[in-house]
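Only heavy atoms go into these numbers, but all of them, side chains included; no hydrogens, no water, no symmetry mates.
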Amino acid sequence: MEQKAKKQKPIINAHAHVFTSKHVPPLLAKKFVPFPFYYLAHLSLVIGIYKLFRKFNGLYYQNWHRNLRRVHYYIAVSIWRNPILAVLFWLLGAWLTLLTFYFLYDLILDLTHSSGDVTWLGRALESLRKLAMEYHIFPTKATLFLKILIALFVFVFVKSGRNLILFLFKKIFKFFKILPGAETRKLMERYLFLAKYAVYKQQTNIFSKMKDQYPQGSGFILLPMDMEYMEAGACQESYLKQLEDLEKIKSSAAYKKQGVKIYPFLFVDPRRIKDQNSKANKDATPFFAYTWDGEQVVLKESVVKTYMEGHKFSGFKIYPALGYYPFEKELLPLWKYAADHQIPILSHCIKGTIFYRGRKKKEWDEHWVFRDENTQKKLLLPETKNVDFQNNFTHPMNYLCLLEEPLLRILVEKYNDPKINEIFGYKGPNEPMGRNLNHLKICMAHYGGEDQWKKYLEKDSYGYSQQVNKNTGIGIEFLKTKEGSKAIDFDRLALMWKYVDWYSIISSMMMQYPNVYADISYILHDKDIFPLLKETLKTRHGKLRDRVLFGTDFYVVRNHNSEKELFVSSDAELDDEEFDLIARSNPDTFLKRTKTTTP
């Protein structure tokens with residue numbers, strides 16, 4: 001008799017989103033587009049335009065439109081097949097492109113009060129205009145309506161002409177050189193997909209679109225987003241309402257009947273803890289409240305208690321790029337609770353388009369724990385642009401400040417809070433604390449980003465970036481003492497912070513700390529990561545292979561690939577053992593809770 005096949009664990013997508021456009025602040029274009037123009041990219045306006053175009057798109061499937069496309073095809077193919085007509089049509093397109101260029105060129109000169117001769121190219125264009133007018137190629141009295149009509153025709157139907165005009169404008173006008181940059185294009189893509197999913201009013205509608213692309217019985221870690229404090233305008237719907245709807249998905253009888261496994265996480269922002277707890281004096285429910293019974297953090301009536309112990313949410317989500325560190329004072333008691341109950345924490349760890357839009361605060365000029373090399377001064381964080389400064393919040397080395405007792409002790413001393421001191425058994429700056437967070441279970445989402453993976457591969461001579469391979473199963477050793485001293489060598493840490501790729505840092509942490517994980521969500525869209533991913537899963541790297549989680553970042557990554565394509569390509573690029581490891585076994589271990597406490 002053949003042995004009965006061992007039942008497989010379900011596939012688990014360890015990183016997915018189902019929040020709606022109502023949970024996104026309207027001014028995401030802030031810091032990408034100068035004031036006041038980012039108001040023109042107001043999310044509601046973008047969504048309105050998208051819905052309008054979506055209505056027009058429905059005309060494509062009507063009979064009259066099919067007939068019109070048929071007529072258009074036969075006209076176009078007749079021109080293409082006739083050499084004389086083809087040449088005439090090309091000349092017509094070139095002429096209209098020339099007219100459109102000068103119509104827009106003159107308009108920009110009028111708006112900017114420029115003479116147009118600031119560059120050699122500008123002067124050459126003026127000479128070309130005079131030549132065209134002499135041979136009566138350029139009309140001298142075109143009406144505004146005719147100019148608009150010609151410009152629309154060129155931008156819609158003459159692709160080569162449109163591209164040429166934009167290319168020339170970038171060469172002539174400095175303003176065009178900043179629009180659109182790579183980050184702006186990413187933001188525009190994000191906007192478009194927020195607009196696309198805005199047609200779904202409820203989170204359950206978005207979730208249904210995702211789950212149907214997976215085998216029956218699959219599981220999903222669903223991650224809400226609290227963007228109220230990123231200073232990009234007010235969201236249409238409150239974060240607490242978002243949580244209520246997420247709980248309805250979790251408790252849905254229909255999904256349970258289908259065998260769908262749902263693991264919602266609770267998003268935590270230290271500013272909400274501070275803000276909502278201050279409102280508790282007015283009979284509002286605090287976001288996070290606790291007591292210390294001498295051995296553990298015990299939750300009191302609060303939003304955290306309701307969702308973690310009442311509704312049995314599966315973990316915590318944080319997004320430091322929104323403007324805070326993962327080791328803020330308000331978070332430390334919660335992390336002690338999470339560590340002792342082995343509740344997983346998933347943290348954003350990549351440079352992206354969703355980040356804090358306000359001004360850089362004075363307390364962010366220097367790191368709160370690390371020091372600059374060859375000095376006793378705190379590590380300078382010189383970035384001033386929000387898009388760059390977000391890296392200081394999301395840097396993976398920030399988690400060493402939680403996992404390593406000597407670094408955590410520096411934070412506890414800085415906060416000087418009696419309740420925090422009691423929780424961790426703080427006895428002074430030079431004596432180890434009675435309790436710590438070295439058993440914290442945390443996942444660094446996106447594994448640092450595909451750009452950091454490529455940076456790792458390119459750095460073939462930098463010592464620290466060789467440690468993942470050279471120092472097998474350990475990687476980079478982070479905390480060392482200076483020779484002949486018990487003092488931490490902060491010079492090493494400063495060099496790592498500034499110059500070491502995040503792949504090496506995260507991989508080293510995953511090998512050294514038993515509860516540190518990373519998911520490959522979002523970066524899955526880049527097929528170039530798979531060779532390094534397969535290398536990461538080799539047994540020679542010790543526990544590293546047991547800490548990698550499959551995830552897709554649905555629907556945020558939809559501008560690159562469909563969910564189905566991400567799932568299928570991952571399954572195809574990895575062998576069965578590799579895929580089952582990251583999509584079945586590792587996520588299952590990550591989600592398991594076993595209560596434990598430190599001495």
Would you say [X]'s side chain and [Y]'s backbone share a donor-acceptor pair under 3.5 angstrom?
X    : Y    : result
D501 : S504 : yes
R357 : E231 : no
H541 : K538 : no
Q203 : Q242 : yes
K22  : Q202 : no
Q452 : W502 : yes
Q276 : T285 : yes
H439 : K441 : no
H15  : I520 : no
D519 : F550 : no

Counting only heavy atoms from other residues, nucleotides and ligands, does the tally under 6.0 Å from [atom1] of [X] exceed 12?
X    : atom1 : result
K498 : NZ    : yes
K241 : NZ    : yes
E577 : CD    : yes

What's the shortest heavy-atom distance between [X] and [Y], and which atoms?
X    : Y    : answer
G217 : P10  : O-CB, 3.3 Å
G358 : N386 : O-ND2, 2.7 Å
G315 : I343 : CA-CG2, 3.7 Å
M227 : P25  : CB-CD, 3.5 Å
C349 : I506 : SG-CD1, 3.9 Å
M510 : V516 : CG-O, 3.6 Å

Side chains of [X] and [Y]: closer than 4.5 Å at any heavy-atom pair?
X    : Y    : answer
L574 : F530 : yes
L537 : K534 : no
H311 : T306 : yes
Y399 : I442 : yes
H395 : I505 : yes
T394 : K351 : no
Q342 : N515 : yes
P531 : L533 : no

Residues [X], [Y]: salt bridge by 4.0 Å N-O rule:
X    : Y    : result
D526 : K454 : yes
E228 : R272 : yes
K312 : E247 : no
D275 : R271 : no
E330 : K274 : yes
K317 : D226 : no
D340 : K336 : yes

- [ ] Dump the intermediate steps for side-chain contact (heavy atoms from CB on, under 4.5 Å) on F19 and E237, then the final yes or no.
- [x] CA-CA 11 Å; F19 61 87; E237 191 168 270; over 6 Å; no

- [ ] List the steps and the verdict of side-chain contact (heavy atoms from CB on, under 4.5 Å) for K459 and K455.
- [x] CA-CA 6 Å; K459 289 205 169 192; K455 183 178 178 181; 3.5 Å; yes

Open item on the list: If the test is ring-ring contact (aromatic ring centres under 6.0 Å, His included), which one of F393, Y325, W364 qualifies with Y356?
Closed with: W364

Open item on the list: Counting the benzene-type ring for Trp, do F265 and F316 have ring centres under 6.0 Å apart?
Closed with: no

- [ ] Kindly state whether the ring of F220 and the ring of F207 have centres lying under 6.0 angstrom apart.
- [x] yes

Answer yes if the side chains of [X] and [Y] hold a donor-acceptor pair under 3.5 Å, and no otherwise.
X    : Y    : result
N392 : H367 : no
E383 : N391 : no
H525 : E450 : yes
T589 : Y517 : no
Y255 : T204 : yes
S521 : H446 : yes

Separation of [Y] [atom2] from [X] [atom1] (nearest 0.5 Å):
X    : Y    : atom1 : atom2 : result
S508 : I474 : OG    : CD1   : 9.5 Å
N469 : E535 : CG    : CD    : 6.0 Å
N471 : Y464 : CG    : OH    : 12.5 Å
H42  : L27  : NE2   : CG    : 5.0 Å

TODO: May I ask you to decide if the ring planes of Y456 and Y503 are parallel, tilted or perpendicular, using 30° and 60° as cut-offs?
DONE: tilted

- [ ] For the residue pair Y239 and F287, categorise the inter-ring angle as parallel (less than 30°), tilted (30 to 60°) or perpendicular (more than 60°).
- [x] tilted

Task: Y214 and T552: CA distance, side-chain angles, deciding distance, side-chain contact (heavy atoms from CB on, under 4.5 Å) verdict - done: CA-CA 12 Å; Y214 285 80; T552 62; 3.4 Å; yes

TODO: Kindly indicate, with the supporting measurements, whether the criterion side-chain hydrogen bond (donor to acceptor under 3.5 Å, both in side chains) is fulfilled by E404 and N438.
DONE: CA-CA 6 Å; E404 288 288 352; N438 63 8; over 6 Å; no

Open item on the list: Determine whether E573 and E578 satisfy the following criterion, side-chain contact (heavy atoms from CB on, under 4.5 Å), listing intermediate values before the conclusion.
Closed with: CA-CA 10 Å; E573 294 283 350; E578 291 167 336; over 6 Å; no

TODO: Applying salt bridge (Lys or Arg N to Asp or Glu O under 4.0 Å), run through D588 and K592 and close with a yes or a no.
DONE: CA-CA 6 Å; D588 180 70; K592 280 182 179 175; 3.5 Å; yes

